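Structure first, then comments.
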Amino acid sequence: MLKTTLKRNSSSRGIAIRHYVFGVLRKNGDTAVRLPSSYELAELFGTTRRVVRYELELLRKEKVVISKPRVGTFTNPQVVNISVTPVQKKMPMIGVIDNDGTRFCYGRAENRQMSHIGLALADRNCYLHPISFSTNKDESRVQELKRIGLDGVIWRLDSRLKMIPRVPELLAAEGIPSVVICSEEYPTLNQIHYITETAENKLIRHLENVSWDTRNAHAITLLHQKDRFTRNVLTKLKIPQEKVFSLGEGKNFSSTLSDFKKLLAEKGPPSLILCNVLYSEAVPYVLAEFGMEKIPFVSSFEMNGLEEFPGYAVITNAKKIAEKAADLLLKLIRGKCDSPVQIGVESILTYRGKAI
């Protein structure tokens, strides 16, 4: 007879139940706590009793929980040494979320920011709980976070997401403080936002010799979305609107690069190119193809291969952002902030990989 072995359930509901049980253990230290019934857990997590029983059986085999006939299932802190030491008992559990909570692969900018968040929380004696949502419904996301037993949340959000500011506001209503890291400002949220004014002014000084009075002078923007930095630079340089050719919005990457090449062939060398991270790696190759390597070129926000980047780039100060976010969240957890707090962090301007 073949011996069968239970394997870890890879379903998001099973993982959520496991996180819930460990959250109960962490919150109650060396005290055993009776868990809800399988029926109650199934209702709580929106799944079947079969999934719940399967996950609880795995936890029993790992001795994380113990079952008492006719009484119920209890956490087993005698085996699982969680939140027992005096230091651990005081450590808050912080959920860390990137974007919509579904991303599993980070580029350079995301990796730097998320890594600095982890270091900032470690330096401040916090548990870190990476969050992956199993649902795309706002209210369900909030309930998932609530069930884990988090003390607070740091959330790196793309300003295009529809869940801003609703989900962080729902979290606050549930008593879970959160700090949002985002490029745009949301007055109702506790937030760390990027400031680019200093970088803009430095860039303007470097570009002040560019003349826009000549007949062929023009600027090109390649943007998958309008960003404040690009708008501000165009305004401060006082470039006539008819001399700005905007590409990228509403089109995919390949189509935009094709339009870019056609524009270069038709209009000749531009006086300035502004793009965001989506196009920053491809544009230098296109310029080399047309023999236009010396054209002033600016990328807003961070890209890969910064050291080899041939132009100007605006880089977020990931370390400072993470430290500010962690400090603000801990103040919120301790009840030392009443109203929404907005903190801006200046970005850095670089040229060919070096800060200027």
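Quantities reported herein were computed from a predicted structural model and do not represent experimental measurements.
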| said: Is there a side-chain contact (heavy atoms from CB on, under 4.5 Å) between Glu169 and Leu189? Walk through the geometry before answering. | reply: CA-CA 7 Å; Glu169 290 175 344; Leu189 304 181; 3.8 Å; yes
With side chains defined as the heavy atoms from C-beta onward, is the minimum distance between [X] and [Y] less than 4.5 Å?
X	Y	value
Gln143	Glu139	no
Leu207	Leu272	yes
Asp100	Met163	yes
Phe297	Cys275	yes
Ile154	Ile181	yes
Ile348	Ile356	no
Leu247	Ile220	yes
Val180	Pro168	yes

Salt bridge check, [Y] against [X]: does any charged N sit closer than 4.0 Å to a carboxylate O?
X	Y	result
Glu57	Arg60	yes
Arg228	Glu185	yes
Lys137	Glu144	no
Glu208	Lys236	no
Asp327	Lys324	no

| task | Run the ring-centre check on Phe229 versus Tyr194 and record whether the distance is less than 6.0 Å. | result | no
Looking at every non-hydrogen atom in both residues, tell me the closest pair between [X] and [Y] and how far apart they are.
X	Y	result
Ala318	Arg112	CB-NH1, 3.8 Å
Leu330	Cys126	CD2-SG, 3.9 Å
Tyr279	Gly248	OH-CA, 3.8 Å
Ile164	Cys182	CD1-SG, 4.3 Å
Arg34	Val71	NE-O, 3.1 Å
Ser339	Asn190	O-OD1, 3.8 Å

| request: Just say parallel, tilted or perpendicular for the rings of His129 and His19, cut-offs at 30° and 60°. | output: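 His129 and His19: perpendicular rings.
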| message | Is the ring pair Tyr312/Tyr351 parallel, tilted or perpendicular, if the boundaries are 30 and 60 degrees? | response |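 Because their plane-to-plane angle lies in the 30° to 60° range, the rings of Tyr312 and Tyr351 count as tilted.
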Out of curiosity, [X] [atom1] to [Y] [atom2], how far, rounded to the nearest 0.5 Å?
X	Y	atom1	atom2	result
Ile148	Ile176	CD1	CD1	9.0 Å
Ile117	Glu323	CD1	CD	11.5 Å
Gln113	Asn317	CD	CG	9.0 Å
Leu35	Ser67	CG	OG	9.0 Å
Tyr39	Glu43	OH	CD	4.5 Å
Leu328	Ile333	CG	CD1	10.0 Å

Applying the 4.5 Å side-chain criterion to the ILVMFWY set and letting contacts propagate, would [X] and [Y] be lumped into a single cluster?
X	Y	result
Val314	Ile195	no
Val33	Val52	yes
Met91	Leu119	no
Phe74	Leu56	no
Ile66	Ile17	no

| query | Relative to Phe45, does Arg147 satisfy both conditions: NZ or CZ under 6.0 angstrom from the six-membered ring centre, and within 45 degrees of the ring's axis? | reply | yes
| field | side chain to side chain contact (heavy atoms under 4.5 Å, CB included) involving Arg50 - partner list, sequence neighbours excluded | value | Thr48
Given 3.5 Å as the limit, does a donor-acceptor pair link the side chain of [X] with the main chain of [Y], or not?
X	Y	value
Gln191	Pro340	no
Asp158	Leu161	no
Lys63	Asn76	no
Arg18	Leu58	no
Arg124	Ala120	yes
Asn99	Gly101	no

| task | Please say which of Leu237, Asn232, Thr230 ends up in a side chain to side chain contact (heavy atoms under 4.5 Å, CB included) with Leu234. | result |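 Between Leu234 and the candidates, side chain to side chain contact (heavy atoms under 4.5 Å, CB included) is satisfied uniquely by Thr230.
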| Among Val233, Leu274, Asn276, which residue meets the side chain to side chain contact (heavy atoms under 4.5 Å, CB included) test with Thr221? |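 Passing option: Leu274.
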| request: Determine whether the side chains of Thr198 and Asn201 contain a donor N or O and an acceptor N or O closer than 3.5 Å. | output: no
| request: Compute whether any side-chain donor of one residue and acceptor of the other, for Asn216 and Thr214, lie under 3.5 angstrom apart. | output: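 No pair is found: no donor N or O on one side chain lies under 3.5 Å from an acceptor on the other.
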Can you give me every donor-acceptor pair (side chain of residues 257-271, partner residue at least two apart or in another chain, under 3.5 Å) with its distance?
| from | atom 1 | to | atom 2 | distance (Å) |
| --- | --- | --- | --- | --- |
| Asp259 | OD2 | Lys251 | NZ | 2.7 |

| Stepwise, does the side-chain contact (heavy atoms from CB on, under 4.5 Å) test hold for Asn136 with Arg141? | CA-CA 7 Å; Asn136 58 5; Arg141 284 170 170 154; 3.9 Å; yes
| Between Ile94 and Leu150, is a side-chain contact (heavy atoms from CB on, under 4.5 Å) present by the stated rule, with each step listed? | CA-CA 6 Å; Ile94 308 301; Leu150 298 172; over 6 Å; no
| query | Checking side-chain hydrogen bond (donor to acceptor under 3.5 Å, both in side chains) for the pair Ser347/Thr316: CA distance, chi angles, key distance, verdict? | reply | CA-CA 5 Å; Ser347 298; Thr316 55; 6.0 Å; no
| said: Please determine whether the number of non-hydrogen atoms from other residues, nucleotides or ligands lying under 6.0 Å from atom NZ of Lys243 exceeds 12. | reply: yes
| query | Is the CD atom of Gln241 crowded by more than 12 outside heavy atoms at less than 6.0 Å? | reply | no
| field | Worked verdict on Val96 versus Trp155 for side-chain contact (heavy atoms from CB on, under 4.5 Å) | value | CA-CA 6 Å; Val96 178; Trp155 202 332; over 6 Å; no
